[in-house]
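In this chain, residues are counted from 1 in sequence order.
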Amino acid sequence: MAVVTDVLSGLLMLWFSLLFIGINRFCGRIKWKDRDAWQYILLECMLILYFIGSLKRWYFVIPMMAFLFPVWDFLQFRAHWISWITGASDERLRRYDNAFGDNVYLLPKSDRRTVPDAYHTVQHVLMALNTIAVFAMLR
């Protein structure tokens, strides 16, 4: 299981790092002057610690991530998926489209629901797999 966690932690760390590079029509680039930039830096530091801790078998990292991943999963679910499931107001659709509307999508777009773009869809799959792997390591 440790090797699976090594691979999954590395994939998530690298995937999240794309936000610091930015890829046209795939994921935006962090603007350092934005007031939210510190959150992305903190998350990336957390993922680097998780990746190194997984490789070095620093087992104290696993309980830490067992707490942090569900919190992050919940926040991402609330930001990207809840209005895909329940539908979204016109204002929510407009704001979401302004932020992600030009990006590539894996799921079909909808007039009444926000649809996570390809970057966030893959990120959420990686997050879910990492969450499962971390809880499996706790046993």
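- For Asp111, there are no side-chain contact (heavy atoms from CB on, under 4.5 Å) partners, not counting sequence neighbours.
- Atom SG of Cys27 and atom CG of Asp117 lie 8.5 Å apart (nearest 0.5 Å).
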Enumerate, atom names and distances included, each donor-acceptor pair closer than 3.5 Å involving a side-chain atom of residues 55-71, sequence neighbours excluded.
from, atom 1, to, atom 2, distance (Å)
Arg57, NH1, Asp6, OD1, 2.8
Arg57, NH1, Asp6, OD2, 3.1
Arg57, NH1, Ser54, O, 2.3
Arg57, NH2, Asp6, OD2, 3.1

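- If you chain together hydrophobic residues whose side chains sit under 4.5 Å apart, Tyr105 and Leu18 never meet in one group.
- More than 12 heavy atoms of other shown residues, nucleotides or ligands fall within 6.0 angstrom of atom CG in Asn98.
- For Asp97, the CG atom sits in a packed shell: over 12 heavy atoms of surrounding residues, nucleotides or ligands are nearer than 6.0 Å.
- Every residue was checked against the salt bridge (charged side-chain N to carboxylate O under 4.0 Å, His left out) condition with Lys31, not counting sequence neighbours, and none meets it.
- Taking the side chain to side chain donor-acceptor pair (under 3.5 Å) definition, one finds that Arg29 meets it with nothing, sequence neighbours left out.
- Taken together through direct or relayed side-chain contacts under 4.5 Å among Ile, Leu, Val, Met, Phe, Trp and Tyr, Val125 and Val104 form parts of separate hydrophobic clusters.
- Put simply, Phe26 and Val122 are part of the same group of oily side chains (I, L, V, M, F, W, Y) that touch within less than 4.5 Å, one to the next.
- Met127 and Leu107 are not part of a single hydrophobic cluster, where members link through side-chain heavy atoms under 4.5 Å apart.
- For the atom pair CG of Leu129 and OG of Ser9, the computed distance is 12.0 Å after rounding to the nearest 0.5 Å.
- Taking the centre of each ring, Phe51 and Trp15 stay at or above the 6.0 Å mark.
- Sorted by first and then second residue, the pairs that involve residues 123-137 and meet side chain to side chain donor-acceptor pair (under 3.5 Å), not counting sequence neighbours, are Tyr50-Asn130, Asp73-Thr131, Gln76-His124, Trp81-His124, Tyr119-Gln123.
- Scanning both residues, Arg35 and Trp38, for their nearest heavy atoms gives O-CD1, 2.9 Å.
- A salt bridge links Arg112 with Asp90; the closest basic N to acidic carboxylate O contact falls under 4.0 Å.
- When side chains are defined from C-beta on, Ile30 does not count as touching Asp34, because their heavy atoms never get closer than 4.5 Å.
- Taking 4.5 Å as the limit, every side-chain heavy atom of Phe77 sits out of range of all side-chain heavy atoms of Trp84.
- Side chains of Arg92 and Tyr96 form a contact here, defined as non-hydrogen atoms less than 4.5 Å apart.
- Contact between Val115 and Ser110 at its shortest, heavy atoms only, is CG2-N, 3.8 Å.
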Below 3.5 Å, can you tabulate the donor-acceptor pairs from side chains in residues 40-47 to any protein atom, sequence neighbours excluded?
from, atom 1, to, atom 2, distance (Å)
Glu44, OE2, Ser17, OG, 2.7

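- The CZ atom of Phe100 sits 9.5 Å away from atom OG1 of Thr114, with the distance rounded to the nearest 0.5 Å.
- Taking all atoms of both residues into account, the shortest heavy-atom contact from Ala133 to Leu8 is CB-CD1, 3.9 Å.
- How far NE2 of His80 is from CG of Leu75: 10.0 Å, rounded to the nearest 0.5 Å.
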